Amino acid sequence: MKFRDLPPMPDEGAHNLEEMFANVTYFLKAAVPAAEKAGVRLALHPNDPPAPISRGSQQIMGSLAGWRDSSTS
């Protein structure tokens, strides 16, 4: 079975791009201020190679267009 063909996680299900952005936004609003206060730099490791869908969920960094869109937000 190829990686791109893996089904969604049974306990998690699949998520669309809007849900994925909402989840990462929620996390970053809490994590970034705490990291800055502690002097910690954060980074996001993109999918390599970029995959628009992983385990049934759309990916926020799943394409070069996604990288460009998220970098201006």
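Computed from a predicted model, the values in this text were never measured in an experiment. Residue numbers run from 1 in the order of the sequence given.
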Closest contact, heavy atoms only, [X] versus [Y]:
X     : Y     : result
His15 : Gly13 : CD2-O, 4.1 Å
Arg55 : Pro7  : NH1-O, 2.9 Å
Gly56 : Ala14 : O-CB, 3.1 Å

Item to check | Leu17 reachable from Leu28 in the ILVMFWY side-chain graph, under 4.5 Å edges | outcome: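 Yes; tracing contacts between hydrophobic side chains, which count when under 4.5 Å, links both residues.
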Next on the checklist: Hydrophobic clusters here meaning ILVMFWY residues chained together by side-chain heavy-atom distances under 4.5 Å, can you tell me if Ile60 and Val32 are in one?
Outcome noted: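 Shared cluster, yes.
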Atom pairs and distances, donor-acceptor, side-chain atoms in residues 18-26, under 3.5 Å, two or more places apart:
unit_1	atom_1	unit_2	atom_2	d
Glu19	OE1	Asn16	N	2.8
Asn23	ND2	Glu19	O	3.4
Thr25	OG1	Phe21	O	2.7

Checklist entry - Would you say the side-chain atoms of Glu12 pair up with the backbone N or O of Pro10, donor to acceptor, closer than 3.5 Å? => result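 Not at all, since once roles are kept as given, no pair shorter than 3.5 Å links the two residues.
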